[in-house]
Amino acid sequence: MMTNTLRQHIQSLHLSGLLNSLELRLQEAEANRLPYGQFLELLLQDEINVRHQRLIARRHKWADFREPRCLENFDFGFNPGINRTQVYELAACHFVRQRRDVLLVGPPGVGKSHLVQAIGLEALKAGFIVLYRSIFDLVRELLAQETQAGESRLLHKYLKPDLLIIDDMGLKVLPPKSGEILLEIIMRRYENRSTMMTSNRPIEEWGKLLSDVPAASAILDRLLHHAEIIAINGPSYRLKPKLKQAATKTNRTTP
């Protein structure tokens, strides 16, 4: 039975995970005559589990994923051209530990954003700090800084994570100076932290997208040096319902 004094001691030590499970563990220990060491081990494990879940929740919030995505919900059968083994190897996060980069290239709608956010979630679970950003948000935030100090603080935010995910490259031409901003981030993360990017356009067109061919060349030179490039082609997942509907109509009209 937990006394008020014991409860106060636990609360003063901020052991809320232990506090929440103590009554149950006391009953379990009494019913099974657990040795003191095993009883204490179970209590401490409860506290560790709670703290770990809170850490994951904080890091998940900071990662700022656009949508909750996981690999279990990805339909590999819709696009057999995607290498499932390669994707799950990335989800094991060896590339993050080795500080290598990843680039996913393919037309809109083939699942690039889903995959990078799902891989980012696995990295987060593995204990890494992850930050997800659309290329437009990243550039807009840095261009909006009016002071050198503000720009430095925001730049530090992009240099801090073990894995920085930059999504949506190639949807449209970026504002002037975007190449300089992206180049500084890529250069300072190069061989220090991992960066994962998606692009809807071939890398040969990045110079036009950034309106800065030299910057694009320098970015690609560093990004691709240790990068794993995954080319994804095939139909759009967003058109999946319409494709099914069209196939059904075809089957109905076929004699």
Side-chain angles (χ1 to χ4, degrees), residues 55-67 69 90 93 95-105 112-113 115-117 119-124 126-201 203 205-229:
L55 177 62
I56 293 295
R58 288 197 301 271
R59 287 185 173 178
H60 193 283
K61 182 177 180 180
W62 193 82
D64 200 17
F65 295 120
R66 183 163 57 197
E67 300 166 307
R69 298 294 189 182
L90 290 174
C93 300
F95 79 98
V96 182
R97 297 181 183 91
Q98 296 165 2
R99 300 172 184 177
R100 293 187 291 110
D101 303 318
V102 178
L103 175 62
L104 283 75
V105 183
K112 301 185 301 299
S113 293
L115 288 175
V116 294
Q117 289 181 90
I119 292 169
L121 179 60
E122 293 303 314
L124 191 150
F128 296 108
I129 298 173
V130 179
L131 178 61
Y132 170 88
R133 270 293 180 273
S134 158
I135 182 67
F136 310 113
D137 292 335
L138 183 152
V139 170
R140 188 184 305 114
E141 288 174 354
L142 282 165
L143 287 176
Q145 298 304 308
E146 297 180 353
T147 65
Q148 187 68 38
E151 182 178 328
S152 297
R153 284 194 298 270
L154 191 57
L155 185 60
H156 175 72
K157 177 181 179 179
Y158 293 121
L159 301 177
K160 172 184 175 181
D162 302 301
L163 175 61
L164 173 64
I165 301 172
I166 304 176
D167 202 3
D168 298 327
M169 183 72 176
L171 283 180
K172 60 182 180 180
V173 176
L174 293 167
K177 294 189 177 181
S178 298
E180 297 177 19
I181 291 172
L182 189 57
L183 176 59
E184 182 169 4
I185 292 172
I186 296 299
M187 285 185 64
R188 294 179 63 174
R189 291 184 60 83
Y190 175 63
E191 295 187 333
N192 291 307
R193 298 284 192 276
S194 291
T195 303
M196 176 180 281
M197 294 187 68
T198 73
S199 177
N200 298 298
R201 304 278 287 277
I203 56 178
E205 299 181 14
W206 280 28
K208 296 179 181 177
L209 295 171
L210 295 170
S211 302
D212 190 336
V213 175
S217 299
I219 290 167
L220 290 170
D221 180 64
R222 285 160 179 78
L223 184 67
L224 301 182
H225 183 203
H226 300 301
E228 185 167 352
I229 303 175

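Reckoned from all heavy atoms, side chains included, excluding hydrogens, waters and symmetry mates.
- Note: Ile203 CD1 to Ile229 CD1 = 5.5 Å, rounded to the nearest 0.5 Å.
- For Glu180, there are no salt bridge (Lys or Arg N to Asp or Glu O under 4.0 Å) partners two or more places apart in sequence or in a different chain.
- Screening residues 182-191 for salt bridge (charged side-chain N to carboxylate O under 4.0 Å, His left out) gives Glu184-Arg188 as the qualifying pairs, with residues at least two apart or on separate chains.
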In residues 156-170, what donor-acceptor pairs under 3.5 Å come from side-chain atoms, sequence neighbours left out?
{"from": "Tyr158", "atom 1": "OH", "to": "Glu141", "atom 2": "OE1", "distance (Å)": "2.2"}
{"from": "Asp162", "atom 1": "OD2", "to": "Ile129", "atom 2": "N", "distance (Å)": "2.7"}
{"from": "Asp167", "atom 1": "OD1", "to": "Ser113", "atom 2": "OG", "distance (Å)": "3.2"}
{"from": "Asp167", "atom 1": "OD1", "to": "Thr198", "atom 2": "OG1", "distance (Å)": "2.3"}
{"from": "Asp167", "atom 1": "OD2", "to": "Arg66", "atom 2": "NH2", "distance (Å)": "3.1"}
{"from": "Asp167", "atom 1": "OD2", "to": "Ser113", "atom 2": "OG", "distance (Å)": "2.5"}
{"from": "Asp167", "atom 1": "OD2", "to": "Tyr132", "atom 2": "OH", "distance (Å)": "2.6"}
{"from": "Asp168", "atom 1": "OD2", "to": "Arg66", "atom 2": "NH1", "distance (Å)": "2.9"}

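- Applying the side chain to side chain contact (heavy atoms under 4.5 Å, CB included) criterion to Ala149, with sequence neighbours excluded, gives Thr147, Arg153.
- A search for side chain to side chain contact (heavy atoms under 4.5 Å, CB included) contacts involving Ile56 returns His52, Leu124, not counting sequence neighbours.
- With sequence neighbours excluded, no residue forms a side chain to side chain donor-acceptor pair (under 3.5 Å) with Arg59.
- Applying the side-chain hydrogen bond (donor to acceptor under 3.5 Å, both in side chains) test to every pair with at least one member in residues 213-223, sequence neighbours left out, gives no pairs at all.
- Considering all non-hydrogen atoms of both residues, Gly179 and Ile219 come closest at O-CD1, 3.9 Å.
- Taken to the nearest 0.5 Å, the CG atom of Leu143 stands 8.5 Å off from the CD atom of Glu151.
- One distance of note links CG of Leu220 with CE of Met197; it measures 8.5 Å at 0.5 Å rounding.
- Note that the CG atom of Leu223 and the OG1 atom of Thr195 stand 7.0 Å from one another [nearest 0.5 Å].
- Expressed to the nearest 0.5 Å, how far CG of Leu142 lies from CD1 of Ile185 amounts to 5.5 Å.
- Residues passing the ring-ring contact (aromatic ring centres under 6.0 Å, His included) test with Phe95: none are found, sequence neighbours excluded.
- Proximity of His225 to Asp101: side-chain heavy atoms (C-beta onward) are nowhere separated by under 4.5 Å.
- Every residue two or more places apart in sequence or in another chain that forms a side chain to side chain contact (heavy atoms under 4.5 Å, CB included) with Gln148 is listed here: Ser152.
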For Ser199 and Trp206: C-alpha separation, side-chain torsions, deciding distance, then whether side-chain contact (heavy atoms from CB on, under 4.5 Å) applies. CA-CA 9 Å; Ser199 177; Trp206 280 28; 3.1 Å; yes
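- Applying the salt bridge (charged side-chain N to carboxylate O under 4.0 Å, His left out) test to every pair with at least one member in residues 205-220, sequence neighbours left out, gives these pairs: Arg201-Glu205.
- For Asn192, the side chain to side chain donor-acceptor pair (under 3.5 Å) test picks out no residue, with sequence neighbours left out.
- Annotation: the span from Leu209 atom CG to Ile135 atom CD1 amounts to 10.0 Å, rounded to 0.5 Å.
- Contacts of Asn200 classified as side chain to side chain donor-acceptor pair (under 3.5 Å), with partners at least two apart in sequence or in another chain: Lys112.
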